[in-house]
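Read the structure below first, then the notes.
As the structure is a computational prediction, the values presented were derived from the model and not from experiment. Both backbone and side-chain heavy atoms feed into the values below; hydrogens, waters and symmetry mates do not. Proteins get letters first, then strands, A, B, ... in listed order; numbering begins at 1 in each.
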Amino acid sequence: MADLETFRSETRAWLEANCPAEMREPVRDEDDAYWGGRRAKFKNDAQKAWFEACLAKGYTVPAWPQAYGGAGLNPAEAKVLREEMSRINARPPLSSFGIWMLGPALLHFGTEGQKQRFLNEIARGEIRWCQGYSEPGSGSDLVSLQTFGEDKGDSWVVNGQKIWTSYADHADWIFCLVRTDKADKYQGITFMLFDMASIGVSTKPILLISGNSPFCETFFDNVSVPKSYGDDCPAYVGQINRGWDVAKYLLGHEREMISGAGGGDRTAAIGAVMKRAAARTGDELDPVLRAELAMFDVDALAYTAMGEKFLDEIKVGKAHPAQPNMMKYVGTELNKRRHELMMAAGGSRSLEWDSEETGGGKPSRGWLRTKANSIEGGTSEVMLNVIAKRILDLPGA
Amino acid sequence: MADLETFRSETRAWLEANCPAEMREPVRDEDDAYWGGRRAKFKNDAQKAWFEACLAKGYTVPAWPQAYGGAGLNPAEAKVLREEMSRINARPPLSSFGIWMLGPALLHFGTEGQKQRFLNEIARGEIRWCQGYSEPGSGSDLVSLQTFGEDKGDSWVVNGQKIWTSYADHADWIFCLVRTDKADKYQGITFMLFDMASIGVSTKPILLISGNSPFCETFFDNVSVPKSYGDDCPAYVGQINRGWDVAKYLLGHEREMISGAGGGDRTAAIGAVMKRAAARTGDELDPVLRAELAMFDVDALAYTAMGEKFLDEIKVGKAHPAQPNMMKYVGTELNKRRHELMMAAGGSRSLEWDSEETGGGKPSRGWLRTKANSIEGGTSEVMLNVIAKRILDLPGA
Amino acid sequence: MPLYHNDDQAMLADTARGFMAEEGNITKQLRHWRDRNCKDGFGHGLWKQMAEMGFTGMLVGEDDGGLGMGHVEAGIVLEEIGRNLTPSPFLTSSVLAATALKHGSADVKGRYLPGLIAGDSVFAVAIDETAKHRPSRITTRAERSGNGFRLSGSKSFVVYGGSADMIVVAARTSGSDDDDDGITLFAVPKDASGMSHDAVRLVDSSMATHTKFDNVELDGDAVIGEVDGGREVLNAMLLAGRVGAAAEGVGVASGAMDMTVDYLKQRKQFGRLIGEFQALQHRASHLYSEVEIARAVTIKAQQLLDANDGAGSEKAELMVAVAKAKVGRTAGLAVREGVQMHGGIGMTDEYDIGLYMKRDRALQEFLGDANYHTNRVAELNGY
Amino acid sequence: MPLYHNDDQAMLADTARGFMAEEGNITKQLRHWRDRNCKDGFGHGLWKQMAEMGFTGMLVGEDDGGLGMGHVEAGIVLEEIGRNLTPSPFLTSSVLAATALKHGSADVKGRYLPGLIAGDSVFAVAIDETAKHRPSRITTRAERSGNGFRLSGSKSFVVYGGSADMIVVAARTSGSDDDDDGITLFAVPKDASGMSHDAVRLVDSSMATHTKFDNVELDGDAVIGEVDGGREVLNAMLLAGRVGAAAEGVGVASGAMDMTVDYLKQRKQFGRLIGEFQALQHRASHLYSEVEIARAVTIKAQQLLDANDGAGSEKAELMVAVAKAKVGRTAGLAVREGVQMHGGIGMTDEYDIGLYMKRDRALQEFLGDANYHTNRVAELNGY
């Protein structure tokens, strides 16, 4: 405990010294974060300085082993670091699907060779990854995917189409589910890693209702993927035809992550903020809106407590393994409701789509963006199915 | 139109002259109504006078043909009578499942002999009927019923058990669904009519959570039911083994009735009433409760308009035949919500179970009673299934 | 009066449905003008066509060259506008401004009605001054000046204000900000000097303005109705606009629902049509019920307004508030369920369901959202 | 502190669960006393057993002969009381009155605590004066009279008031009805002359009284805490009682949910277990989520209260209101879904699910319902 307090004061001092003021403001949107990769550019010096300071300490991936580019913090230390960063609103130095998704899969399923190579690249922000899961005909029913890798001995030739590949147009590599055995639905999928610069890969951004295009359609036209990238470094995670195990593990991890992203309790309750915003224009909240905000705040504050309990329980292995599905379901539905209420409180001003006063339509675009929360990473309907089956043990679920 | 206005003024005058003051107060509960039957007793002279006055005019069943005890009013006249009765809050002179349920079935499916006998008995309040549909294993899935009538040539021998038979312990006769062919699920049910005094019939009231017992379990132990009650008067409605057609027709009619019973718009909105009730104790509504009442009132007033539209459309055959399912679903869910809000507004006083001040716990017992609304006559879940199938034409519904 | 369309109205509904589906559909209108970043946000050609159909002047009295129809009829057109997400100045011009102009002098009528009826003019209304609808508080001031008035203040959420040939402005000519009396309505022409617009595109691709009045000089004959007695006209205009917005909202809700129910019958997941999943069936059935009810109460409100020649009986006022509130919640449910049930593709600009969500949001806000009108229902009921 | 039970608490939970399921179950307690029309509405035998388990004095300080435990521990017992619908004076005596007595003089403590700890005494609290919970308004008056006070007024919803050996009464000793100051708490003994009870049975078969105080003479040492300074003690008592009621509500919700989920696995309709129907699955999953969240926020509120020795930090006060509101809505959902999913038999007295609905209703109302506390959350957040 004393060590932890030492660590806390050291961390605090280090952050004080190394985290520039500009990096202590909330990330405005996805483009405002640093994503790394071959074509990465820093938006400003502060972003660069902060990234490099963290990189030197292993703080781009603080809980990963030092051998793979992390700081090797234990869970208690990692929590202290999170708390201290959150205390000063420090931004993450590096945003990356490599950190959030591929990394955990490799830590769990990867060979030593894969870890040495890919985890270090991720930690250093050298390679930007994207995820190739969904296909036009396979959304919630992911396992029905059709993208096929034909076995050519030392390589596969991959053909097919992915959809909802986040920032595929900016990504360097993809981790991708590919069918390698048509006979077995579940045990015929391989979790492949390959370069997006490979011949035959093309991407097309999808314009969303929010006006942004964070996702792409990605097409594979006779893409040749070697089975190995060298000693102890296969081009697939886990075993050939057993990629579904890796995908399931990652989906669980993703839901855990999404469910943890509900935000601290500083932002959970919005009624007071909305009242102050109204007051700034000499207005006050409609009484019915006020009641709806209060009902929301009750739910949001209660969910914050649930989030805390969930994280505490995960740490000691007390949480039901399907609990992330519940957290994801409730958290995303709440976030949609939060933005509905913010739009209602904001009135006609928040309808503006590209005015300067609204920062280019942040309220309305942000509101529309939240509608994907309950679709991506497993729909609310799928979450409810999973709870029924795995937690409530209902028949036929 | 002129005729109708004449009819209206005559009706108004007649009601003025014949409807006693005591009969112009809302029926307090099911025991406060006059149900007729062999063992019927009038609660007071007013009830008797009102019943007899109506009987003489054919107003116990105003829209039925005069030959069967009605007044033979056309739909427009019947509506005028309803409006004029409603204007002075006149009670129905006779409450009866014969009027509401068996009558419509006989009018549609009955033989002339059945109509002559049974409809007249119903109109005169001589025979009190109960309905034998549900069985312990057959609730929503009514057609799975097991009560069996063994064919003995001129009669059936009926064995089995019914549940939710309304006032079976007070009823004289039962209209009852009995399986007469075990091979065919739908086309093996007969809609039988028989005397509850038959040997082998027994009833046991079911104590409800409201503390009342309007329903019974009804047991048939080798009950002999003759196939005919005389010339052109079979003991079954429609055809043998085709009772499901009658039952379906009646279920539709029941839902229509329930959906029409949502109450006029004088009682639909409750917020103002609740505010006045609070004010009488020097209290005011909690702001969040007020908002919930307002949201309810919006829904209730909108539903009232829907009810009006529905009745208007039924009259000219414009309503979708499955629309009563929608009306039943929404109306019963609204009524449950209404009573939840009334309990909330009433506070601790409305929790009282048998105090004099609450008329023996009327608020709480009434509230509990409403919970059956969305179960009896087809559950809300079944209603939603029917809408999905018959109106939205969704696959596999 | 029965709560369904009579034969004439049913015929109008057929016509309007066919016409709007053909000419006002999403591809021809909403996407067309949006993708061209049109500064009006709607097509003048369609407006002219609507005039030829007789729509533009349907609420204008026959004496004034219109069709003298009522809110039921206007609602029929608006429901089709809603169903097709047709960007159109119909609600602001032919419903709101037209209702105000009913109370105008022969002079004012003569100046503006022919253009409206011919589809040559477009009108807007300027009521709100903050981001929420607060018609009880009017701070924009018009002071006597010579034979006329001098108008100063600012208005927001003036839908199609930048394209309008005339804007009906509610201003205070006496009393203090929250007074009921002391309001006057003015017909402010497009070229009035001192009026300036800050145009904003809204989430649904429609255009609105923040409009400033800086000592705008108006003739005395710009007044609609009585000086200081404009509250009544304003209320009539608001009632007409709200029940119109409700009708359009029913169209939006219906269109979103129909599109979603169709999708449930086409999309397969887990080897089944998703419409086979009972959880979705129940939600669709619930939504259907709500849309039916929203439509019913809207017709009820229209009939009550028409019965009273638009003047707004107590009962009509209540039912208009109920309708706007009920439609608001229902259309919100319809578009949310629509996007969610469409899944990922519901989030894409390529599919139309998201456009319904955007239009609903803007329409919701116009002339008071569901919260505002729910609160009004409580107030009108005395609690 | 992590938001789950530590080892000691987990052990207590095991013990309490086993004990209440065995001795406090519906057949042995609720139905037993109800069907005998018991005037107390609970069993003194079980109360004595709970004393032997150490439950009755768990919130009483060790110096005063209790166990000196906190609200987390009391909540553990209360959740089991809720799950078993056990009629028990635990909440009024061991939580509410015990919290008030913490602030009492040695004399008051000595008079009442031993009886509580031994399970010989039962206490009640008299706060509400109207049918709704309005603790900010206290009109019952206590006037100085000799060395003591003379109490006049009336209180309603005094749960177990007729069986109580002592009632904690909140009265006004100065100021006007809505003042924060000027409140004094009194420990009024059972035999106080001038106190009369009108006993009523409630929907959940518990007993409560409307209690009148007609110039009840009280000694000066009947005062708990400071004269005129009782608001703080009252608040501490309310916080303890509310978080306790929330914990009991979590038990009610959990019990109703478990019973319902079990039923979904047994009941067949249309040839399938009804738990196979996706629409019911989704509703059950949603309910599960809500119950988990309600439990989490209740533990959070308990820990915050305990961290502050029950005195109620700003954050604790907020989270207690959140907990009572969230649990209120959740338990309401649980019992409504429970009865509906049970279908017809859910309406019968023979099945227990209806008893959960009745208990929820009464518990809901106790110390402020979900609407009251939702409004409080808004107020505490400054809007």
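How far OG of A:S380 is from CD1 of A:I375: 8.5 Å, rounded to the nearest 0.5 Å.
Neither the backbone nor the side chain of D:L280 has a heavy atom closer than 4.5 Å to any heavy atom of chain A. For D:I274, no part lies near chain A; criterion is any non-hydrogen pair under 4.5 Å. Proximity to chain A (any heavy atom under 4.5 Å) is shown, for D:N375, by both the backbone and the side chain. Residue contact with chain A, scored on non-hydrogen atoms closer than 4.5 Å, involves the side chain of D:V377 exclusively. Both the backbone and the side chain of A:E381 come within contact range of chain D, judged by heavy atoms closer than 4.5 Å. Only the side chain of A:K275 comes within less than 4.5 Å of a heavy atom of chain D; its backbone N, CA, C and O stay farther away. Proximity to chain A (any heavy atom under 4.5 Å) is restricted, for D:M319, to the side chain, taken from C-beta onward. The contact between D:I293 and chain A is made by backbone and side chain atoms together, counting heavy-atom distances below 4.5 Å. Proximity to chain D (any heavy atom under 4.5 Å) is restricted, for A:I391, to the side chain, taken from C-beta onward.
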**OP:** Evaluate the criterion side chain to side chain donor-acceptor pair (under 3.5 Å) for residue pair A:R369 and A:N335; output intermediate values, then yes/no.
**Re:** CA-CA 10 Å; A:R369 173 65 184 86; A:N335 200 39; over 6 Å; no
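Identified by a heavy-atom distance below 4.5 Å to chain D, the contributing residues of residues 313-322 of chain A are A:E313, A:V316, A:K318, in residue-number order.
In summary, of the residues considered (D:K132, D:R329, D:H133), a side chain to side chain donor-acceptor pair (under 3.5 Å) with D:D369 occurs for D:K132 alone.
Sorted by first and then second residue, the salt bridge (charged side-chain N to carboxylate O under 4.0 Å, His left out) pairs with a member in residues 249-273 of chain D read D:R272-D:E276; sequence neighbours excluded. Applying the ring pair (Phe, Tyr, Trp, His ring centres under 6.0 Å) test to every pair with at least one member in residues 239-279 of chain D, sequence neighbours left out, gives these pairs: D:Y263-D:H342.
When the candidates D:A296, D:S285, D:A294 are compared by the number of heavy-atom contacts under 4.5 Å with chain A, D:S285 comes out ahead.
Checking side-chain atoms of D:Q303 against main-chain N and O of D:P2 turns up a donor-acceptor pair under 3.5 Å. Panel note: side chain A:Y303, backbone A:M327; a donor-acceptor pair is recorded below 3.5 Å. With hydrogens and angles ignored, the 3.5 Å screen pairs no side-chain donor or acceptor of D:N381 with any backbone N or O of A:A272. With D:D306 contributing its side chain and D:G70 its backbone, the two residues share no donor-acceptor pair below 3.5 Å.
Residues satisfying the salt bridge (charged side-chain N to carboxylate O under 4.0 Å, His left out) test with A:R12, not counting sequence neighbours, are A:E84.
For the 3.5 Å distance criterion, the side chains of D:R295 and D:S254 qualify, holding a donor opposite an acceptor.
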